Amino acid sequence: MREILTTAELAKVSAGDSVIVWAGQGFRPGVRAWYDGDAVAVAAPDLSKRDRLAVVGPVDSVARLAAEVFAEVGPSFRPFGDEQLIRDLADYVPDLSLSAAFGWMDTAELPVVTTTAAWLEGDTGVEALLAESAPASYAWPGRSGVRRWAAAAGDSGELLSVAADAWSAPEIGFLAGVATHPVARGKACPARSVASSQPN
């Protein structure tokens, strides 16, 4: 097992795997990564509400590497990555069990369809919309790693849809806390947008 110390090396050994690079979080304090052959593991504390161990590679190699990493960082880290790999890993390692599937979609291109959503100056109204429309959301105003909120608003300024820039890495942005008010679901975005701040 060899420790990885830079984002460039992490991207190289993982063949640019987006989940692995994202979990690396630009090697913010507390994040550590390792590889052994084709297996790569990144231990990221407090990432999307949990201590996470992002993994990629053949299941037998990942199982061996994960065992060594757990000895290094402790058992609080939850493995995540490609759903089939995690299912196979749970079958392969007696002490692991599948708790949930982790959905992941990514793109390197801007979408053709755009909306009138804009970054909010603060987070007024976001918590109420999440409580009504997405109470199980991991991203909430004030939560660690949640940087800012974007929203689309109705004619009277009420928030109709929100999403958070949360747990983004320097190389990969991450969208969380996506919620749309029931009255706006399945409809086009309104022409009006909310007040925005300059993007970071």
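Quick caveat: nothing in here was measured; it's all calculated off a predicted structure.
Looking only at side-chain heavy atoms (C-beta outward), Leu130 and Trp149 come within less than 4.5 Å of each other. Proximity of Trp119 to Asp165: side-chain heavy atoms (C-beta onward) are separated by under 4.5 Å at one or more points. Residues Leu85 and Val55 are in side-chain contact: their nearest non-hydrogen atoms beyond the backbone lie under 4.5 Å apart. Using a 4.5 Å heavy-atom cutoff, the side chains of Arg32 and Glu72 are in contact. A 4.5 Å side-chain heavy-atom check between Leu129 and His181 finds at least one atom pair inside the cut-off. Counting only heavy atoms from C-beta outward, the side chains of Leu96 and Pro79 approach each other to under 4.5 Å. Two residues are said to be in side-chain contact when any heavy atoms from C-beta on lie closer than 4.5 Å; Leu10 and Val42 meet this criterion. Between Val73 and Leu53 there is no side-chain heavy-atom pair separated by less than 4.5 Å.
Atom OG in Ser97 sits 12.0 Å away from atom CD1 in Ile86 (nearest 0.5 Å). Put simply, OG on Ser18 and CE on Met105 are 12.0 Å apart, with the number rounded to the nearest 0.5 Å. Atoms CD and CD, from Glu127 and Glu132 in turn, are 13.5 Å apart once rounded to the nearest 0.5 Å.
Across every non-hydrogen atom of Asp123 and Pro141, the tightest pair is OD2-CB, 3.2 Å. Across Val31 and Gly24, no two heavy atoms sit closer than the pair CG1-O, 3.4 Å. Pairing each heavy atom of Leu120 with each of Leu159, the nearest pair is CD2-CD2, 4.3 Å. Smallest separation of non-hydrogen atoms from Ala166 and Ala139: CB-CB, 4.4 Å. In terms of heavy atoms, Ala63 sits closest to Val93 at CB-CG2, 3.9 Å. Closest of all the heavy-atom pairs between Pro58 and Asp38 is CD-CB, 3.7 Å.
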Query - CA sep, side-chain torsions, deciding dist, call: Val62, Asp88, side chain to side chain contact (heavy atoms under 4.5 Å, CB included) - result: CA-CA 10 Å; Val62 168; Asp88 292 344; over 6 Å; no

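Distance alone, capped at 3.5 Å, is enough to place a donor-acceptor pair between the Ser168 side chain and the Phe174 backbone. Judged by distance alone, with hydrogens and angles left aside, the side-chain atoms of Trp22 form a donor-acceptor pair with the main-chain N or O of Trp167 at under 3.5 Å. Side chain of Arg52 to main chain of Phe80: no donor-acceptor pair is present (N/O by atom type, distance under 3.5 Å, no hydrogens or angles). Between the side chain of Asp17 and the backbone N or O of Ile20, at least one donor-acceptor pair lies under 3.5 Å.
Residues Ile172 and Leu47 share a hydrophobic cluster, clusters being chains of Ile/Leu/Val/Met/Phe/Trp/Tyr side chains in contact below 4.5 Å. One hydrophobic cluster holds both Trp140 and Val162 under the rule that ILVMFWY side chains link at heavy-atom gaps under 4.5 Å. Cluster membership check: Val21 does not share its hydrophobic cluster with Ile4, using side-chain heavy-atom separations under 4.5 Å among Ile, Leu, Val, Met, Phe, Trp and Tyr. One hydrophobic cluster, built from ILVMFWY side chains closer than 4.5 Å, holds both Leu89 and Phe77. Both Phe70 and Val59 belong to a single network of hydrophobic side chains, linked directly or stepwise wherever heavy atoms of I, L, V, M, F, W or Y lie under 4.5 Å apart.
Dense packing is recorded around CG of Asp91, with more than 12 heavy atoms of other residues, nucleotides or ligands lying under 6.0 Å away. No more than 12 heavy-atom neighbours from other residues, nucleotides or ligands sit within 6.0 angstrom of CZ on Arg2.
Put simply, the residue from Lys12, Glu9, Glu3 that forms a side chain to side chain contact (heavy atoms under 4.5 Å, CB included) with Tyr35 is Glu9.
Using a 4.0 Å cut-off between a side-chain N of Lys or Arg and a carboxylate O of Asp or Glu, Arg64 and Glu68 do not qualify as a salt bridge.
Side chains of Asp106 and Trp104: a donor on one and an acceptor on the other come within 3.5 Å.
Checked against ring pair (Phe, Tyr, Trp, His ring centres under 6.0 Å), Phe27 has no partners two or more places apart in sequence or in another chain.
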